[in-house]
Student: 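Here's a structure for you.
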Amino acid sequence: MAANTLTQYDFFDADPARQERYMDRVCSFLSQRCDTPPLALVHSFGCQQNSSDTEKLKGMLARMGYGFTDRPEEARLVLFNTCAVRENAEDRVLGNVGALKAYKAANPELIIALCGCMMQQPHMAEKVKKSYPYVDLVFGTHVAHMFPELLYTCLSEGKRVFNLSEESAPMAEGLPVLRDNDLKAWLPIMNGCDNFCSYCIVPYVRGREKSRPSKEIIREATELVAAGYKEITLLGQNVNSYGKGLEEQINFAGLLHQVNAIPGDFRIRFMTSHPKDCTHELIDAIAACKKVCNHIHLPVQCGNNRVLREMNRHYTVEEYLELAAYAHQKMPDVTFTSDIIVGFPGESYEEFQDTLELVRKMRYSALYTFIYSRRSGTRAAQMPDPVSGEEKGRWFQELLDLQEKIGLEEHEAMVGGVYRVLVDGVGKTGEGYLTGRTESNVIVDFKAPKEIIGQFVQVRVTKARNWLVLGELI
Ligand code: SAH
Ligand code: SF4
Ligand code: F3S
């Protein structure tokens, strides 16, 4: 591969039939050159949405004749789907890309491709262009569906190809998907984000919100249930604003009712819910739809109204607590999880204490906690940020200690109770253990024969640990 010539190929096309043709072309191109099926190493570095996109990229690769491997030395193609949400996510990607240099030197036929949120940022693509000359193909989030065409251009012309098109179209339908799990499925219902929380890069790298037509979602969900899937997670950066911009009159509550009406024994989860768009109507729908888990991931980000305003979150602590109280009233067994950012620019220690207070009130079953990471191009990146990293690290530890205590207490409160568990697979607790999850997403390990993997079973909780509970099969 001539790594020093470059094609800036910002062409955009939304037609899946065109990509079908390119899949055939890649297939015949490779079959003329490889004696055995070429192997691809594919890795997802981001959130659930990123994993779901990766399943589509793998679906296209499988259609193009690729098999899959975890070993870079036997791969003909390496594809990393990257994440830009925090600096450490980006560092992890760059570290892994750096490690590929030696494999490329040993095997010049190797194609190295980077895509996803981090690559959608022009400064990052520029950095790859200059500092990682052995990377062959870079494309952003808006053209992921054009992967076959971009790969074909790269292979057949022997050039580096970069496509950061920001052109926008309805979400591509009808492309193949190769799912990683045959029990639980991601089902994207929307893409993009219009919220512009002041710290967040996602709206810049994913573009504006686009919802899928409900009939496509119901079709896919129905196929998943027919194929034996037991859990479907509806995905979007803000599922609560589902339906905006569609011709049909539908909102997320309405969609939940429709998915719930699909016959079969399966669970429905969804993420992520933005508190500003979480309505009583939606909570009523969760309560009424028996297949929808009584668990809401409702990221609060922090517990102080001034900081929430600076974050551009559009709700107050009081409004958030009111929603939680309403949900508890409608579903006494409801559980909450949340995301929290520690050390937003200008946050004081006193304001951080309000976050701890909120966590004490909410008693989350799990928390995803992050130290603020400056993202260039966002509004918060311009704000004075006087508190040192060390200081923020101490606050962060305070939050972790509090949540560890609450999490354990919540797990202890489960002891003696009987829970419906979807059995995921073999557990790590010890010989003979299986693992599964309750409706509220708590991990339960228990001894049982492997034959019940993939089924819903009743488990009595016997012991609490920090990250999971132990139980016995009933
Ligand atoms: N759309 C989802 C979250 C997407 S990003 C939502 O609004 O809830 C997942 C989480 O990463 C966010 O909830 C936030 O807690 C965290 N996050 C986003 N940007 C961040 C940043 N710049 N620094 C630290 N954490 C961040
Ligand atoms: Fe980021 Fe806010 Fe959008 Fe979530 S809602 S993706 S935190 S901008
Ligand atoms: Fe997800 Fe990271 Fe993009 S969190 S949306 S992969 S920036």
Side-chain angles (χ1 to χ4, degrees), residues 43-55 57 80-93 114-121 124 140-142 144 186 188-210 234-242 244 270-278 296-303 307-308 310-315 320 336-345 347 355 359 364 366-383 385 389 392-393 395-396 399:
H43 191 76
S44 171
F45 284 86
C47 60
Q48 290 82 356
Q49 199 99 34
N50 183 287
S51 303
S52 168
D53 293 344
T54 302
E55 292 182 337
L57 294 161
F80 288 165
N81 195 0
T82 64
C83 171
V85 79
R86 283 171 292 275
E87 193 177 1
N88 57 7
E90 294 194 328
D91 289 347
R92 215 154 50 88
V93 171
L114 307 178
C115 66
C117 295
M118 182 179 167
M119 293 305 131
Q120 188 66 52
Q121 306 171 99
M124 208 34 99
T141 53
H142 301 284
W186 307 122
I189 63 167
M190 62 183 306
N191 203 346
C193 180
D194 291 353
N195 292 316
F196 291 93
C197 301
S198 61
Y199 49 82
C200 185
I201 196 71
V202 172
Y204 300 90
V205 293
R206 287 256 166 192
R208 298 294 62 75
E209 282 177 5
K210 286 185 276 295
L234 307 176
L235 287 182
Q237 292 303 340
N238 177 12
V239 291
N240 297 351
S241 60
Y242 172 76
K244 232 170 57 181
F270 56 90
M271 68 189 313
T272 295
S273 270
H274 194 306
K276 83 174 164 57
D277 300 311
C278 182
I296 312 179
H297 181 61
L298 197 64
V300 70
Q301 310 301 355
C302 80
V307 179
L308 281 172
E310 291 295 306
M311 287 179 162
N312 197 31
R313 290 290 287 181
H314 294 284
Y315 53 84
Y320 185 91
F336 286 91
T337 51
S338 192
D339 295 350
I340 287 186
I341 297 177
V342 173
F344 180 80
E347 184 178 34
T355 296
V359 168
Y364 293 109
L367 264 190
Y368 302 89
T369 47
F370 312 101
I371 294 184
Y372 168 75
S373 169
R374 189 178 170 278
R375 306 285 68 205
S376 78
T378 62
R379 232 176 62 214
Q382 310 295 326
M383 298 177 184
D385 188 7
K392 290 182 184 183
W395 302 1
F396 187 70
L399 175 61

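Counting convention: from 1, in listed order, for ligands and their atoms alike. FYI, the numbering just counts along the sequence from 1.
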Student: Would you mind telling me if ligand 1 is within reach of the side chain of I371, the backbone, both or neither, using heavy atoms under 4.0 Å?
Tutor: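 Under 4.0 Å from ligand 1, I371 contributes backbone atoms alone.
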Student: So which heavy atom in the protein is nearest atom 19 (N) of ligand 1, and how far is it from that ligand atom?
Tutor: Y199 CD1, 3.4 Å
Student: What protein heavy atom is closest to atom 11 (O) of ligand 1, reported as residue, atom name and distance in Å?
Tutor: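 Ranking protein heavy atoms by distance from atom 11 (O) of ligand 1, first comes R86 NH1, 2.9 Å.
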Student: Say whether S373, considering both its backbone and side-chain N or O atoms, lies within less than 3.5 Å of an N or O atom on ligand 1.
Tutor: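 Such a contact does occur with ligand 1.
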Student: In terms of side-chain geometry, is the basic nitrogen of D385 or K392 positioned less than 4.0 Å from the acidic oxygen of its partner?
Tutor: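 Salt bridge between D385 and K392, a charged N being under 4.0 Å from a carboxylate O: yes.
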Student: Which heavy atom of A380 sits nearest a heavy atom of F344, and at what distance?
Tutor: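 Taking every non-hydrogen atom into account, CB-CE1, 3.8 Å.
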Student: Between C47, A84, G192, G46, which one has a non-hydrogen atom sitting closest to atom 1 (Fe) of ligand 3?
Tutor: C47
Student: Quick one: which of Q120, M118, Q121 gives a side chain to side chain contact (heavy atoms under 4.5 Å, CB included) with T82?
Tutor: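 Filter result, single survivor: M118.
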Student: So which atom in S273 and which in N240 form the shortest heavy-atom distance, rounded to 0.1 Å?
Tutor: OG-OD1, 3.1 Å
Student: When the aromatic ring centroids of F396 and F370 are compared, is their separation below 6.0 Å?
Tutor: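 Ring centroids of F396 and F370 are no less than 6.0 Å from each other.
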Student: Are any N, O or S atoms from C83 nearer to atom 2 (Fe) of ligand 3 than 2.8 Å?
Tutor: yes
Student: Please tell me whether H297 and T337 have a donor and an acceptor in their side chains that are separated by less than 3.5 angstrom.
Tutor: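 Per modelled atom types, H297 and T337 side chains form a pair under 3.5 Å.
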Student: Closest non-hydrogen protein atom to atom 3 (Fe) of ligand 3, residue and atom name please, with distance?
Tutor: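 Protein heavy atom at minimum distance: C117 SG, 2.2 Å.
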Student: Nearest heavy-atom pair of P203 and C193: which atoms, and what distance?
Tutor: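 For P203 and C193, the tightest heavy-atom pair comes out as CB-O, 3.5 Å.
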Student: For the residue pair G343 and Y372, what are the closest heavy atoms and their distance?
Tutor: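 In terms of heavy atoms, the two residues are closest at O-CB, 3.3 Å.
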Student: Geometry only, no angles: is Y372 polar-contacting ligand 1 at N/O separations under 3.5 Å?
Tutor: no
Student: Of the options D53, T54, T141, which is the one that meets N81 in a side-chain hydrogen bond (donor to acceptor under 3.5 Å, both in side chains)?
Tutor: T54
Student: For the aromatic rings, using the six-membered ring if either is Trp, is the centroid distance between F45 and F80 under 6.0 Å?
Tutor: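 Yes, ring centres under 6.0 Å apart.
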Student: Can you tell me which residue and heavy atom of the protein come closest to atom 3 (C) of ligand 1, and the distance to 0.1 Å?
Tutor: Q237 OE1, 4.0 Å
Student: Could you check whether any side-chain heavy atom of P275 comes within less than 4.5 Å of a side-chain heavy atom of R313, counting everything from C-beta outward?
Tutor: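 With C-beta onward as the side chain, the pair touches.
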Student: Provide the closest heavy-atom pair for S376 versus A381 in the form atom of the first, atom of the second, distance.
Tutor: CA-CB, 4.3 Å
Student: Would you kindly specify which portion of Q49 sits under 4.0 Å from ligand 3, judged on non-hydrogen atoms: side chain, backbone, both or neither?
Tutor: neither
Student: Name the residue from R206, R208, K210 that meets the side-chain hydrogen bond (donor to acceptor under 3.5 Å, both in side chains) definition with N191.
Tutor: R206
Student: Atom 18 (C) of ligand 1: which protein heavy atom is closest, and how many Å away?
Tutor: V85 CG2, 3.5 Å
Student: Do any nitrogen or oxygen atoms of D339 come within less than 3.5 Å of a nitrogen or oxygen of ligand 1?
Tutor: yes
Student: Applying a heavy-atom distance cut-off of 4.0 Å, which protein residues contact ligand 2?
Tutor: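 Residues C193, N195, F196, C197, Y199, C200, V202, P203, Q237, H274, R313 each place a heavy atom under 4.0 Å from ligand 2, listed by chain and number.
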Student: To the nearest 0.1 Å, how far is atom 15 (O) of ligand 1 from its closest protein heavy atom, and which atom is that?
Tutor: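 For atom 15 (O) of ligand 1, the nearest protein heavy atom is Q301 OE1, 2.7 Å.
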Student: Starting from atom 7 (O) of ligand 1, what is the nearest protein heavy atom, named by residue and atom, and what distance separates them?
Tutor: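 Of the protein heavy atoms, R313 NH1, 3.7 Å lies nearest.
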Student: I need the contact type for Q237 against ligand 3. Using non-hydrogen atoms and a strict under-4.0 Å cut-off, is it side chain, backbone, both or neither?
Tutor: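 Just the side chain.
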Student: For ligand 1 and R375, I'd like to know whether there is a polar contact (N/O to N/O, distance under 3.5 Å).
Tutor: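 By distance alone, the answer is no.
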Student: Given that the side chain starts at C-beta and the backbone is N, CA, C, O, which of these parts of I341 lies under 4.0 Å from ligand 1, counting heavy atoms, or is it both or neither?
Tutor: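 Just the side chain.
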Student: Determine whether the side chain, the backbone, both or neither of H274 has a heavy atom under 4.0 Å from any heavy atom of ligand 1.
Tutor: neither
Student: Can you tell me if Y320 uses its side chain to pair, donor with acceptor, with the backbone of L298 under 3.5 Å?
Tutor: yes
Student: Please list the nearest protein heavy atom to atom 6 (C) of ligand 1 with its residue and the distance rounded to 0.1 Å.
Tutor: T272 CG2, 3.6 Å
Student: I need the minimum non-hydrogen distance between V205 and C117, along with the two atoms involved.
Tutor: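 Smallest interatomic distance, heavy atoms only, reads CG1-O, 3.3 Å.
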